[in-house]
Amino acid sequence: MSRLSDHNVVIAREIIARYPKPKSALIPLVHLSQEQNGYVTTEAMKHIAELIGVTPAEVYGTATFYEMFKFEPVGKYVVNVCGTMSCALLGAGELLHHAEEKLGVKAGGTTDDGLITLMPAECQAACTEAPCLQVNYRFRYRMTTSDLDALIDDLRAGRLDGEIPPHGTLGRTRQTIPDDRAVGAVHPDDVTTGPAWIPMEQDR
Amino acid sequence: MTDSTRAVTHDYIPGFYIGDRPQVVTSRFEYEDSYTLERFLATDGYKGLEKCLAGTPAQMHEEVKVSTVLGRGGAGFPAGVKWGFTPAGVWPRYLVVNGDESEPGTYKDRLLMERDPHQLIEGCLIACYAAGLSQCFLYVRGEMALAQERIATALNEAYAAGYVGTNILGTDFSVDIVLHWGAGAYVVGEETALIESLEGERGMPRLKPPFFPAAVGLYGKPTIVNNVETLANLPFVALNGSVAYTAIGTATSPGTRMVAVSGHVKRPGVFEIVNGSTTFRDIIYGEEFSQGIRDDNDLKAFVPGGGSAPWFLPDQLDVPFEGREAGTAGSMLGSGAVMVMDSTTDIPAAALTLTKFYAHESCGKCTPCREGGTWLMRLLERVVAGHGTDADLAQMLEVGQTICPGEMPHASSERLGLEAVPFPYKMTTICFVGPSAWAPLHSALTLFPEEFAARVTPAPKRISIPVTALAAAGADQ
């Protein structure tokens, strides 16, 4: 079952309604499908294409541009080890090498039990906390090799289940716009005059 | 108010240091619950918006213009002037918030989104009111799960409390703020690529000029794209006025800047510094900032403004953190990221980390960046691995010329007898990813030629017969 579930279709329609044009919801919906399945399936992309009124190829074309979308199954946890300058200056190379040895996979690979995928990554905006890594996009700062060992042991023992949701889930809180407060999407072709709070004379 | 060396040590914002300096955007960071509506309201939250709504949009726009709030995303263009570029009589207009922070070395927008999401929301509302923007899209980098969570929660709270949505605070000002997030692409930080991405396309920059987003942007309509930190400054301006804002910093660079110092320093961290007057020496060696180089080593070089910026040497330590001065010295302030390299640093290897980054992040639209970035990476990989020749170094310069023709900006060096070449560069690509792929390696080659020379062997002499000689020989027969 890799199309969007009925529950997620309801969410998808809410998201689509927020945008003046449905295609703007493409990336949020691909995230939604990745949250549901752990990766982006072909069936889900076809379903998203139906929902936003584009071809499946357009969904695929956009989605494959972006690093975070995975088109093959990945581990429950994706560990991204940063390797850009600040982290590299402070030992990111050794950290990644250590992770490869500890997990018994090369960077880019998934452990045999399907639990952990190890990925080399580019700058994660935590440069003062180098070297850093992310587990399913949750940060771990100033990592030493022993911190990494402990982290992997914790992941394997399920001790971080409450803190780190399975791969695909980003923000665990969704935006909800209450009906009585919503202005609604401002369509580029429907609006031809300035908004109510802008006096006519101010329009230069 | 605070001890100058005190760190805020909540474990979810490590590395932020308050200091005894004016705080424009970080005034709530010392509270553990700084991201909640309750704390926000207890600390003058949404007061700037109230004051703004009591006046006309034109008054607020003027206040921002007079304050010279410079864009904090990299280009440093004044926000109030940018807002004025929307063409008359063309509606609707949109606001797109650039929260796609991913410049190497930069760590400030994430902090502002995680620690004070309501301040950002208030800034968005002020911008929408002043510039007549009918809908706001808040684009947060995909990899920032906590920031997304905090902003979603803050927006839900703000909608429920009547700060966002229809008839805000009982006025006729109505605007939706839609949280949107990306999926991992550095180039999407470029404003036209951000708009493409928001339209559901691959994040490739649009050709500009002729049409800048302020004229033709999202869905072809006038669109203001502002950085998170830029917008986070607006509540202060609205509440305290331009006089209070311009009292901080210098005339050309008023207010404060968020600066992240990383690499080989004793105390890496994020600091809100006084704009314009603080020097790089203060930032790297100052007791209230990064406290000097680790193990008391010597400073070798530093990146003054994010991975894209040409490098500075110890010669430039007394340059103030001010856009024009940094430009004259041969680099830029970019997004407020200082990366420090001490005397133990292997310069070609350090440059390679950035060259790899840009080769990886090229969107592929412009040939010089797509092909050139990759070639630079391959050549440099070979040199760093010890298999390079002097022909590889010459080849790097040739590839660099195809991306940035002419003289490339660089710092002055007393040791090498080099004069500075001021910013900016010429470029053959649509956006700055191209020059960024070349700038770090160019700096490394120019400022540390001996480290490259020591890594390469002379290229083997090729036995070649010039084509003209062959032709002449053929004619003889």
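Protein chains get the first letters and strands the later ones, always in sequence-line order, with residue 1 at the start of each.
- Of the listed residues G142(B), A350(B), A185(B), S290(B), the one with more heavy-atom pairs under 4.5 angstrom with chain A than any other is G142(B).
- Residue contact with chain A, scored on non-hydrogen atoms closer than 4.5 Å, involves the side chain of L354(B) exclusively.
- Residues E103(B) and C123(A) fail the side-chain proximity criterion, which asks for heavy atoms closer than 4.5 Å.
- Proximity to chain A (any heavy atom under 4.5 Å) is shown, for S197(B), by both the backbone and the side chain.
- Only the backbone of I177(B) comes within contact range of chain A, with heavy atoms under 4.5 Å apart.
- Here R141(B) is the residue among R141(B), E101(B), M341(B) with the most heavy-atom pairs under 4.5 Å with chain A.
- Between K356(B) and E122(A), none of the side-chain N atoms (NZ, or NE/NH1/NH2) sits under 4.0 Å from a carboxylate O, so this pair counts as no salt bridge.
- Two residues are said to be in side-chain contact when any heavy atoms from C-beta on lie closer than 4.5 Å; F137(B) and S24(A) fail this criterion.
- For the set K108(B), E196(B), H180(B), the count of heavy-atom pairs under 4.5 angstrom toward chain A peaks at H180(B).
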Could you walk me through whether T176(A) and Y159(B) pass the side-chain hydrogen bond (donor to acceptor under 3.5 Å, both in side chains) check?
CA-CA 9 Å; T176(A) 46; Y159(B) 265 102; over 6 Å; no

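- Annotation: side chain of R294(B) is in contact with side chain of L90(A) (closest heavy-atom distance under 4.5 Å).
- For V265(B), no part lies under 4.5 angstrom from a heavy atom of chain A.
- If you tally non-hydrogen atom pairs under 4.5 Å between each of P178(A), A126(A), A130(A) and chain B, the highest count goes to A126(A).
- For the options V183(A), L29(A), L170(A), T173(A), heavy-atom pairs under 4.5 Å to chain B are most numerous at V183(A).
- Comparing G182(B), S102(B), G307(B) by how many heavy-atom pairs each has under 4.5 Å with chain A, the most go to G182(B).
- For chain A, the option among G165(B), G200(B), A160(B) with the highest count of heavy-atom pairs below 4.5 Å is G200(B).
- Ranking A152(B), P92(B), P104(B) against chain A, the residue ahead of the rest is P92(B), based on heavy-atom pairs under 4.5 Å.
- With contacts defined as side-chain heavy-atom distances shorter than 4.5 Å, the pair F139(A)/R110(B) qualifies.
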